[in-house]
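What follows is a set of notes on a single structure, which appears directly below.
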Amino acid sequence: MDTQALKAEQKRRAQEIVHVDSLPFAEPRFIGGADVGFEQEGAVTRAAIAILHYPSLQLVEFQIARIPTVMPYVPGLLSFRECPGLLAAWEKLVQKPDLLFVDGHGISHPRRLGVASHFGLLVDVPTIGVAKKRLCGQSAPLSEAPGSQSALMDHDEQIGWVWRSKARCNPLFISTGHRVSLNSALMWVKRCQQGYRLPEPTRWADAVASQRPAFQRWLRENPQ
DNA sequence: GCGACAG
DNA sequence: ATCTTGTCGC
């Protein structure tokens, strides 16, 4: 694993990211959520993608792919570890989403190519990064009130938003993945908020991957 | 040199 | 990310 070469590749690919809205829809019909986890002590990569109908936010499809892990976790190089699994899950989808939320950062990354951006480029789909922790950049302190937000800045450049999606919960870090502006990224995430810390697409992807009770209940209510 | 560091 | 029960607080 040549770290320097991978970093150079990130800088190169980051220039291909479309930072403005080039969404082929006035309103998306399907929004997806993607999440990656690991099994067998990291030897197996498990990627899950959940597809929700918009604006009902009802789960309509999910796919899980398991492949041999290709790389160790290195902060800043996450996409090289997670994209192979995400691609495998993506190819299994019957209904591709118009917009995809990815667990992790988009352009709020040292070289502006977080997993949400990298995957968006790979499959050429609009993506938004929804991360639970900061990777880089700084922001003004957030108030305790749910809904409070602050721009995530790297010097003079805004690379994302820090948004308290729910009271008494740590904020989320939202950023452009690909083909979605920063303002729209935050807007779509807000429109998929249903009272939990994570927006529905990402929340369902996690529930599917981890076999959460809510997902098991959905399976029972949706035979076949 | 020291601390930070998505999942 | 993952290993894991109860527990504190709204």
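Residue numbers start from 1 in every chain, and the chains themselves are labelled A, B, ... in the order their sequence lines are given, proteins ahead of strands.
Taking the ring centre of A/Tyr73 as origin, the terminal cationic atom of A/Arg81 falls outside the region bounded by 6.0 Å and 45° from the ring axis.
When side chains are defined from C-beta on, A/His109 counts as touching A/Leu135, because their heavy atoms get closer than 4.5 Å.
A/Ile31 CD1 to A/Ile51 CD1: the interatomic distance, rounded to the nearest 0.5 Å, is 10.0 Å.
Annotation for A/Glu16 and A/His178: closest pair O-CE1, 3.8 Å, computed over non-hydrogen atoms.
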In 5'-to-3' order, the base (B), backbone-only (S) or no-contact (-) status of each nucleotide in nucleotides 1-7 of chain B, using a 4.0 angstrom heavy-atom cut-off, is ---SBBB

Protein heavy-atom contacts under 4.0 Å, written 5' to 3' over nucleotides 5-10 of chain C as B (base), S (sugar-phosphate only) or - (none), form the string -----S

Check: Does the side chain to side chain donor-acceptor pair (under 3.5 Å) test come out yes or no for A/Ser184 and A/Asp21, once each step is laid out?
Finding: CA-CA 7 Å; A/Ser184 294; A/Asp21 297 306; 2.8 Å; yes

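Here the two rings, on A/Trp188 and A/Tyr54, have centers that are under 6.0 Å apart.
No side-chain N or O of A/Arg197 forms a donor-acceptor pair with one of A/Ser165 less than 3.5 Å apart.
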